[in-house]
Amino acid sequence: MDKVSADDLAYNFFPFFRVHKDGRVERIHKYVCVPPSNNPNTGVQSKDVVVSPENNVSARLYLPQITENNQKFPLLVYIHGGAFAVESAFSTSYDNYLHSLVAEANLVVVSVDYRLAPEHPLPVCYNDTWAVLKWVATIGATEEPWLKFHADYSRVFLAGDSAGANIAHDMMVRASAEENPLGDAVKIVGMVLVHPFFGNNKPDLLWTYICPESSGCDDPRLNPAAHPSLLRSLNCQRILVLTAEKDFIRDRGRAYYEALEKSEWKGEFEIMEAEGEGHVFHLGKPTCEKAGSLMKRLVEFFN
């Protein structure tokens, strides 16, 4: 990476991105995007759909091996992480991981590709993801063959890692509104938060920069544990929180679980921690023993 003088920078959010004084955004974290594919060994297929062409919002769909006509599978809407500012549903890391998850768990997956901060400040990523959820519940259910014929809308799950877990929680809050915004046919039964990003106990400079409208450390999107009434209203049956012992944001994940318990939420919830591992280790080391345990737990949860 070229050396950059501190005098040239307005903001430095290592290891994600830097903002130069001329307004140019330079992403430090690099990732490679791959096209959708059909895997003859697992039978898993993937394809991309455009949800909102005017806003460049897309999703990658995954379909497990079909063994009988009109076979139905649980439907998972997955939201990638990356500090709201890097990564993609189409990157090698997420494409490989979700392909493996689909093959292991027999799920139909919709992987959301939202617009990134800082060029698109928050709440853009939340609104983009909600647009995908609305598309899944309407156009996808009636016009997209993979969803229409193979997705079981009575068994819908939300999941994400890091910032994606943060977005997943917000989607669950929105979907739990009294007016039933996704319609009666969509039944979200569970949510998985993998190494969720819910801020710290002090002002988060990155969050403040990419979310200028935030109310601060106890913003309900940043720190849902401070809002027990929202937790109590979550309209699903099961929640799984996954943490990692050496994760720098581990404590807020545990605080979310503890707040859920204190909120008297009526569903089933549990927490599982990977000892000796760091933040989203399973994406970088998908074949390690702890990643295998995490995958096994996800398969059990979705089935």
Side-chain angles (χ1 to χ4, degrees), residues 15-17 25-64 73 75-105 107-120 122 124-136 139-140 144-147 150-151 157-168 171 192 194-195 197 210 279-286 291 295 298:
F16 306 113
F17 65 91
V25 175
E26 175 193 2
R27 282 186 166 74
I28 301 168
H29 174 85
K30 306 296 183 183
Y31 53 93
V32 176
C33 290
V34 294
S37 62
N38 297 334
N39 189 310
N41 296 320
T42 62
V44 174
Q45 305 174 64
S46 61
K47 66 178 175 181
D48 297 340
V49 296
V50 177
V51 172
S52 178
E54 65 274 17
N55 292 326
N56 196 30
V57 179
S58 301
R60 178 158 290 178
L61 276 54
Y62 296 84
L63 184 69
F73 305 94
L75 172 59
L76 168 65
V77 177
Y78 192 90
I79 305 130
H80 73 79
F84 308 98
V86 296
E87 278 295 345
S88 166
F90 311 136
S91 75
T92 304
S93 295
Y94 284 100
D95 185 72
N96 287 343
Y97 192 76
L98 288 177
H99 183 106
S100 297
L101 179 60
V102 170
E104 292 281 345
L107 302 166
V108 173
V109 172
V110 177
S111 180
V112 180
D113 197 60
Y114 52 84
R115 288 172 289 174
L116 300 175
E119 295 93 337
H120 303 283
L122 277 59
V124 167
C125 63
Y126 296 101
N127 296 336
D128 286 352
T129 305
W130 183 247
V132 174
L133 265 176
K134 292 285 285 185
W135 176 87
V136 167
I139 297 173
E144 167 49 53
W146 286 8
L147 300 182
H150 299 296
F157 295 88
L158 299 179
D161 63 271
S162 194
N166 175 298
I167 299 171
M171 295 303 100
V192 180
V194 185
H195 308 167
F197 169 73
I210 63 177
H279 192 61
V280 295
F281 71 94
H282 58 291
L283 295 177
K285 303 185 296 180
M295 176 68 78
L298 290 179

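A distance-only check finds no donor-acceptor pair linking the side chain of Asn39 to the backbone of Val44 [under 3.5 Å]. Without hydrogens or angle criteria, Asp113 side chain to Ala89 main chain gives a donor-acceptor distance under 3.5 Å. The backbone N or O of Val112 sits nowhere less than 3.5 Å from a side-chain atom of Arg60 that would complete a donor-acceptor pair. In this structure a side-chain-to-backbone donor-acceptor pair under 3.5 Å is missing from Ser91 to Glu87. Judged purely by atom type and a 3.5 angstrom limit, Ser162 has no side-chain atom pairing as donor or acceptor with the backbone of Gly82. Without hydrogens or angle criteria, His29 side chain to Phe16 main chain gives no donor-acceptor distance under 3.5 Å. Distance alone, capped at 3.5 Å, is enough to place a donor-acceptor pair between the Tyr114 side chain and the His80 backbone.
Under the 4.5 Å side-chain criterion, counting only non-hydrogen atoms from C-beta, Phe84 is in contact with Leu122. Between Leu101 and Leu298, some side-chain heavy-atom pair lies under the 4.5 Å cut-off. Side-chain contact check for Tyr31 versus Ser93: every heavy-atom pair is 4.5 Å or farther apart. Counting only heavy atoms from C-beta outward, the side chains of Asp128 and Ser52 never approach each other to under 4.5 Å. Leu107 places none of its side-chain heavy atoms less than 4.5 Å from the side chain of Tyr78. Using a 4.5 Å heavy-atom threshold, the side chains of Pro36 and Phe90 count as separate. Taking 4.5 Å as the limit, every side-chain heavy atom of Val50 sits out of range of all side-chain heavy atoms of Trp135. Residues Glu144 and Leu61 form a side-chain contact, since some pair of their non-hydrogen atoms from C-beta on lies under 4.5 Å apart.
Ionic pairing of Arg27 and Glu119 is present here: one or more N-O contacts between side-chain nitrogen and carboxylate oxygen are shorter than 4.0 angstrom.
In this structure, the ring of Tyr97 has its center less than 6.0 angstrom from the ring center of His282.
Note: Leu63 CG to Leu147 CG = 9.0 Å, rounded to the nearest 0.5 Å. A distance of 5.5 Å separates CG of Asp95 from OG of Ser46, quoted to the nearest 0.5 Å. Distance check, rounded to the nearest 0.5 Å: CG of Leu76 to CG of Leu158 gives 8.0 Å. The OG atom of Ser58 sits 7.0 Å away from the CG atom of Asp48 when rounded to the nearest 0.5 Å. Note that CD of Gln45 is 9.5 Å distant from OG of Ser37, once rounded to the nearest 0.5 Å. The OG1 atom of Thr129 sits 5.5 Å away from the CD1 atom of Ile79 when rounded to the nearest 0.5 Å.
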(message) Checking Lys134 against Val132 for the side chain to side chain contact (heavy atoms under 4.5 Å, CB included) test, could you report, in this order, the C-alpha distance in whole Å, the side-chain angles of both residues, the deciding distance, and whether it holds?
(response) CA-CA 5 Å; Lys134 292 285 285 185; Val132 174; over 6 Å; no
(request) Mind running side chain to side chain contact (heavy atoms under 4.5 Å, CB included) on Val192 and Phe157 for me, showing each step along the way? (result) CA-CA 8 Å; Val192 180; Phe157 295 88; 5.7 Å; no
(request) Might you work through the side chain to side chain contact (heavy atoms under 4.5 Å, CB included) test for Val102 and Phe73, ending with a clear yes or no? (result) CA-CA 10 Å; Val102 170; Phe73 305 94; over 6 Å; no
(message) Would Trp130 and Met171 count as a side chain to side chain contact (heavy atoms under 4.5 Å, CB included) here? Give the steps.
(response) CA-CA 7 Å; Trp130 183 247; Met171 295 303 100; 3.8 Å; yes
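Of all the heavy atoms in Pro118 and Val25, the pair that sits closest is CG-CG2, 3.8 Å. In this structure, Ile210 and Ala83 approach most closely via the heavy-atom pair CD1-O, 3.8 Å.
Remark: the Asp161 side chain and the Tyr94 side chain contain an N/O donor-acceptor pair separated by less than 3.5 Å.
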